[in-house]
Amino acid sequence: MGSQSDLGIESLVGEILAGARVSGAAEVAAWQKPEKDLRRLVRRDYVRNLRRNLSYRALQALLEAVDEVLPRLNREPIGMMPVAKQAEVASHLRVHFKAAPHTGNEGLALRGFYVNKMQKVLKRPLIYVNTAHHPLAVSVTFCHEVGHHFATDIFQPQEQSVHLFFDADYSDHLSDPAELAADVLVSLAGYPEPVARRIFAKPWNWGLVARAGNLTDAAFSEIRTHLKEVYGLDLTAGIPPRQSLNYLCGMIHYAKLRWALLAEYDL
Ligand SMILES: [Zn+2]
């Protein structure tokens, strides 16, 4: 890859990041008040949204495609990927990859983005991850963007699109098939089937998921233990409060989505 192409990518990343401050104003504002998003997520019915926006067929197509890079997906937890490993995967997928910090309140609201191939500007898709975040969050962002990459093949969007990933935006992902598909990959990576069955497939859970899809205290405590054991994640240790509340939104979102996958598709 020549330096001219690198410069082109650099300037495109810069343009998208600058644009995100404007187009993502609502998400940045939401990121400042994560409590609101948290309450909304806790109440959302994930099963109904999953059924409506991601068919079993689309899901199967996604899993078959992903098998090439993550053959152990849904069998064991996919470990945290350091940036060097992410670069390797991106290169294998023939995707441009940019990992750099984007800081400040507005910058931190953004986790990353995925741009599908632009005929004139980009010969290959582009993934950006914001490395100002906790390393596990960066790894999750990468997984989400890789999900977009495979979802693009399945949904074949007619238009050029930039998928921005904001921390506070999880509720909106539920009604967008592309975002939902990208998130499914994260949920399966974090909670393979044996873990999901242990945490979620309990009699006291099934009735609840049918109604509101609410997490019980017992399930939530198992989720925290799982994330601590497998990924060493402790939201109370050394992460600034607002950021940790936003991560908590993500934690609840991916857990509820995993639960819905089990309940709706027995996966
Ligand atoms: Zn996305």
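What's counted below: heavy atoms across the whole structure, side chains too, no hydrogens, waters or symmetry copies. Computed from a prediction, not measured in an experiment: that's the story for all the values here. Indexing begins at 1, ligand by ligand and atom by atom, following the structure's order.
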request  = Answer yes or no for Glu179: is there an N/O/S atom below the 2.8 Å cut-off from the Zn ion (ligand 1)?
outcome  =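 True for Glu179.
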task = Examine all N, O or S atoms of His148, backbone included, and report whether one is under 2.8 Å from the Zn ion (ligand 1).
result =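 His148 does place an N, O or S atom closer than 2.8 Å to the Zn ion (ligand 1).
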key: Phe150 vs Val69, side chain to side chain contact (heavy atoms under 4.5 Å, CB included): CA-CA, chis, key distance, verdict   = CA-CA 11 Å; Phe150 288 109; Val69 282; 3.8 Å; yes
request  = Would you mind naming the N, O or S atom of His144 nearest to the Zn ion (ligand 1)?
outcome  =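 The His144 atom nearest to the Zn ion (ligand 1), restricting to N, O or S, is NE2.
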message = Can you classify the ring geometry of Tyr265 versus Tyr56 as parallel (below 30°), tilted (30 to 60°) or perpendicular (above 60°)?
response =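 Plane angle between 30° and 60°, so tilted.
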query = Passes salt bridge (charged side-chain N to carboxylate O under 4.0 Å, His left out), Lys256 versus Asp45? Steps please.
reply = CA-CA 9 Å; Lys256 284 187 70 169; Asp45 182 342; over 6 Å; no
inquiry  = Looking at Asn74 and Glu193, would you say the former's side chain and the latter's main chain have a donor-acceptor pair under 3.5 Å?
reply    =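 Here the side-chain-to-backbone pair exists.
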